[in-house]
Amino acid sequence: EGALARDRVHVGAAGAISPEKLAEVMDKLLADLPAEGLPQAPDVDVETEAGVTVVPFDVPQSVAIFGHEGLARDDPDFFPAFVLNEILGGGGFEARLMEEVREKRGLTYGVYSYLVPKDHAALYLGRVSSANDRIADAIDVIRDEWTKMAENGVTEEELESAKTYLTGAYPLRFDGNGRIANILVGMQMDDLPVDYVNTRNDKVRAITLEDIQRVAARVLRPEELRFVVVGQPDGLETPGQ
């Protein structure tokens, strides 16, 4: 511990560390770790059917999680799907779900969708909350928008707007050592190349309208879109139906 403390003082005072010194410090820190960890969970086949599962809970507002199978992070269509999702429900007020469910109808404060490429199961999920007497309406609108985009894709204007936002916002994520470290860890966990931060925006810019239309038909699956609702929703199925 004393040697490690001296190493930390040395690194902090110098403001940098050589590869050789870093290797020495890491050897000291990690020498006692086992060569192999616990067995990993197996891959999971995601299978869902369109419909609603209600989990009764006595609250005035229902919360819904919805989704179906998604795409692995290394799938060639991941970047088009990423841009597609930004247009559908990426979180901004320009997203279709936010426009249709919140802005036009006032059914929720927020509705979002997101790709979840886990190691053993790739998912495409979303969430929404609404009053018990309005959650059924919110679900109907989400279903409709999911189907419309699957069948018709997006417009050129929507695509260009999403690409401009995604490429412009990306540099703003590198505004501190902690956030940069998180990005680098994420790159390592996803097996991304070391030049990813330099090529990521180019990958976004390269996506065409044809890419988006093709991927929309592949990724969005209204026939598999399942909603799990926690609350006391009016007008929805109950467990077992």
Side-chain angles (χ1 to χ4, degrees), residues 46 48 50-71 78 80-118 122-150 152-155 157-170 172-173 175 179 182-183 186 204 212 215-216 219-222 224-237:
V46 180
T48 54
V52 178
T53 299
V54 176
V55 181
F57 197 69
D58 190 11
V59 288
Q61 178 171 271
S62 291
V63 178
I65 300 293
F66 53 91
H68 52 56
E69 185 179 16
L71 289 180
F78 185 85
F82 172 65
V83 176
L84 172 77
N85 179 68
E86 183 65 25
I87 299 168
L88 177 60
F93 283 94
E94 299 300 318
R96 285 195 190 181
L97 292 182
M98 190 73 85
E99 173 70 17
E100 296 295 330
V101 182
R102 171 178 168 155
E103 296 302 304
K104 289 186 179 180
R105 297 172 176 82
L107 297 173
T108 184
Y109 283 112
V111 54
Y112 313 96
S113 61
Y114 36 90
L115 294 164
V116 189
K118 296 290 187 179
L123 304 170
Y124 194 172
L125 301 178
R127 59 187 173 88
V128 67
S129 300
S130 189
N132 285 329
D133 62 351
R134 309 198 76 186
I135 189 69
D137 292 334
I139 289 175
D140 285 343
V141 176
I142 293 168
R143 281 195 186 117
D144 287 345
E145 292 305 314
W146 212 269
T147 301
K148 287 177 184 177
M149 190 169 285
N152 305 318
V154 306
T155 66
E157 181 180 2
E158 286 176 318
L159 174 57
E160 291 306 315
S161 177
K163 289 162 67 172
T164 298
Y165 170 75
L166 290 170
T167 55
Y170 188 58
L172 303 180
R173 296 172 57 187
D175 64 348
R179 296 189 71 183
N182 285 336
I183 290 170
V204 173
I212 292 290
V215 172
V219 173
L220 297 171
R221 308 174 186 178
E224 298 178 13
L225 186 59
R226 190 76 187 184
F227 290 79
V228 177
V229 183
V230 178
Q232 296 287 344
D234 294 339
L236 289 180
E237 298 174 358

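Numbers here are sequence positions counted from 1.
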Quiz item: Looking at A95 and G90, what are the two nearest heavy atoms and their distance?
Solution: CB-N, 4.0 Å

Quiz item: Can you tell me how far CG of L115 sits from CZ of F78, rounded to the nearest 0.5 angstrom?
Solution: 5.0 Å

Self-check item: Beyond-backbone contact of L84 with L220, side-chain heavy atoms, under 4.5 angstrom
Solution: yes

Quiz item: Which residue, I135, I139, D137, V128, forms the side-chain contact (heavy atoms from CB on, under 4.5 Å) with L107?
Solution: D137

Quiz item: In chain order, what residues pass the salt bridge (charged side-chain N to carboxylate O under 4.0 Å, His left out) check against R221, with sequence neighbours excluded?
Solution: E69, E224

Quiz item: Using 30° and 60° as the class limits, which term best fits the ring planes of Y124 and H68: parallel, tilted or perpendicular?
Solution: perpendicular

Quiz item: Once you round to the nearest 0.5 Å, how far does CD of E94 lie from CD of E158?
Solution: 9.5 Å

Exercise. For atom CD of E157, decide whether the heavy atoms of other residues, nucleotides or ligands shown that lie under 6.0 angstrom number more than 12.
Key: no

Quiz item: Going from CG on L159 to CD1 on I212, what distance comes out if it is rounded to the nearest 0.5 angstrom?
Solution: 5.5 Å

Quiz item: Nearest 0.5 Å, what's the CG-NZ distance between L123 and K118?
Solution: 8.5 Å

Exercise. Please report the closest heavy-atom contact between S129 and V63, naming both atoms and the distance.
Key: OG-CG2, 3.6 Å

Quiz prompt | Whether S62 side chain and N132 backbone form a donor-acceptor pair below 3.5 Å | solution = no

Exercise. Mind checking the CE-OG spacing from M149 to S113? Nearest 0.5 Å is all I need.
Key: 8.5 Å

Exercise. Indicate yes or no: at least one non-hydrogen side-chain atom of Y114 is less than 4.5 angstrom from one of L125.
Key: yes

Quiz item: Hey, are the side chains of R102 and F93 touching, using non-hydrogen atoms and a 4.5 Å cut-off?
Solution: yes

Quiz prompt | Contact summary for E86 and A162, nearest pair of heavy atoms | solution = CG-CB, 4.3 Å

Self-check item: E99 vs R96, salt bridge (charged side-chain N to carboxylate O under 4.0 Å, His left out): CA-CA, chis, key distance, verdict
Solution: CA-CA 5 Å; E99 173 70 17; R96 285 195 190 181; over 6 Å; no

Quiz prompt | Residues which pass salt bridge (charged side-chain N to carboxylate O under 4.0 Å, His left out) with E100, listed by chain and number, not counting sequence neighbours | solution = K104, R105

Self-check item: Rounded distance [0.5 Å steps], CZ in R226 versus CZ in F66
Solution: 14.5 Å

Exercise. Identify the two heavy atoms, one from P222 and one from T147, that lie closest to each other, and give their separation to 0.1 Å.
Key: CB-OG1, 3.4 Å

Self-check item: A216 to G153 - nearest heavy-atom pair and separation
Solution: CB-CA, 4.3 Å

Quiz item: Which heavy atom of T48 sits nearest a heavy atom of G67, and at what distance?
Solution: OG1-O, 4.2 Å

Quiz item: Counting only heavy atoms not in Y170, do more than 12 sit closer than 6.0 Å to its OH atom?
Solution: yes

Quiz item: So, do L236 and F227 sit near enough that their side-chain heavy atoms are less than 4.5 Å apart?
Solution: no

Practice problem: Please say whether more than 12 non-hydrogen atoms of neighbouring residues, nucleotides or ligands are located less than 6.0 Å from OH in Y112. | Solution: yes

Quiz item: Would a 4.5 Å heavy-atom cut-off, applied to side chains only, mark W146 and L88 as touching?
Solution: yes

Quiz prompt | salt bridge (charged side-chain N to carboxylate O under 4.0 Å, His left out) against R127, all qualifying residues, sequence neighbours excluded | solution = none

